[in-house]
Amino acid sequence: MAKKITERWIVKAGSNMIVSGGPMLIRAWMQQVSVLRKKYGIEVIWVTSGAIATAVEFMSDRSGFNRGKRTLAEKQALSAIGQPLVLDLYTMGLQAQGLGAAQVLLTYEDLADSKRRENFQNTIEQLLEWRVTPILNENDAVATQEIRFGDNDSLSARVAKSLSAKRLVILTDVEGLFESDPRTNPTARLVPELKRVSPALIKSMGKSGAGTQRGTGGMLSKLMAAKIASDNGVRTHLVKGDEANILTELAQGHLHGTVIYGRRK
Ligand code: GLU
């Protein structure tokens, strides 16, 4: 008998993780998605980045394709190339567990408009009822500046709010939030927990919080996402995505990375 659902989590994987971890890492994550559902009664809605970064890798050996700065149209076209490649990896990973994957692409307007949000919520509920894992990304190919989330950290926090998730897990390439930038200060200490994301903390991030070459979201966008989540009662975990069994470890209550508590509403 399948375990009764007790919690809903949103898990977001960043571009660096997708490109450096590749199919093996995605397969390991999907195996954990299966364990979360079967053993812990946790259902997962997955938010993936990495479409553009995957397409850049895919296109890079073609003549006429350069790795320089890109126009919006180029990024949108790249997202359309990379999205099916990324989705294939999730589909294969879930199929290996006897589970299904579904693709849902969103723009900011889809969650801002009440009718469209309701349609989105109904679709997700139906997929989960059929035990199919929704794999979300921003609909980069059509989203213009005005209707963008901007980065998937923000998207995942808004999704967590609209689907009344209990936790938001952000899988990234650093261990969590540090007291200072670990890239420039090797003795920087990890912050294991935060009661809330204060405006002062956001301000203190400055330039060190900016995104990387592959993904748009650096630590600043993760904290902003954690703030939205926290203000809506959702607990956020910022963790290193390629730590072994990271999701099942969190389900068992082990401490990893930084946890930002949800505030009571
Ligand atoms: N949606 C973008 C992609 O799939 C990534 C956005 C982000 O870096 O958060 O390439």
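Counting starts at 1 for both ligands and their atoms, following the listed order.
- For A51, a nitrogen or oxygen atom sits less than 3.5 Å from a nitrogen or oxygen atom of ligand 1, counting backbone and side chain alike.
- For the pair D140 and ligand 1, the shortest N or O to N or O distance falls below 3.5 Å.
- At distances below 3.5 Å, at least one donor-acceptor pair connects side-chain atoms of Q76 with backbone N or O atoms of A143.
- In terms of polar-atom proximity, defined here as any N/O pair under 3.5 Å, K12 makes no such contact with ligand 1.
- Evaluated for a side chain to side chain donor-acceptor pair (under 3.5 Å) with D140, the options K75, Q83, R148 yield exactly one hit, R148.
- Of the candidates V234, N232, D231, D231 is the only one forming a side chain to side chain contact (heavy atoms under 4.5 Å, CB included) with R263.
- Contacts of V86 with ligand 1, taken as heavy-atom pairs under 4.0 Å, are absent altogether.
- Heavy atoms of D151 found under 4.0 angstrom from ligand 1 belong to the backbone as well as the side chain.
- In this structure, R8 places its CZ atom where more than 12 heavy-atom neighbours from other residues, nucleotides or ligands lie under 6.0 Å away.
- Counting the atoms of ligand 1 from 1 in the order shown, those under 4.0 Å from a heavy atom of S49 are 4 (O), 5 (C), 7 (C), 9 (O).
- The CD atom of E7 sits 8.5 Å away from atom CZ of R235, with the distance rounded to the nearest 0.5 Å.
- Close approach of ligand 1 to N137 is summarised as follows: ligand atoms under 4.0 Å from at least one heavy atom of the residue are 1 (N), 3 (C), 4 (O).
- For G50, the heavy-atom gap to ligand 1 drops under 4.0 angstrom.
- To the nearest 0.5 Å, the span separating CD on E43 from OG1 on T6 amounts to 9.0 Å.
- At under 3.5 Å, a nitrogen or oxygen of I52, whether backbone or side chain, sits near a nitrogen or oxygen of ligand 1.
- Evaluated for a salt bridge (Lys or Arg N to Asp or Glu O under 4.0 Å) with K222, the options D173, D153, D151 yield exactly one hit, D153.
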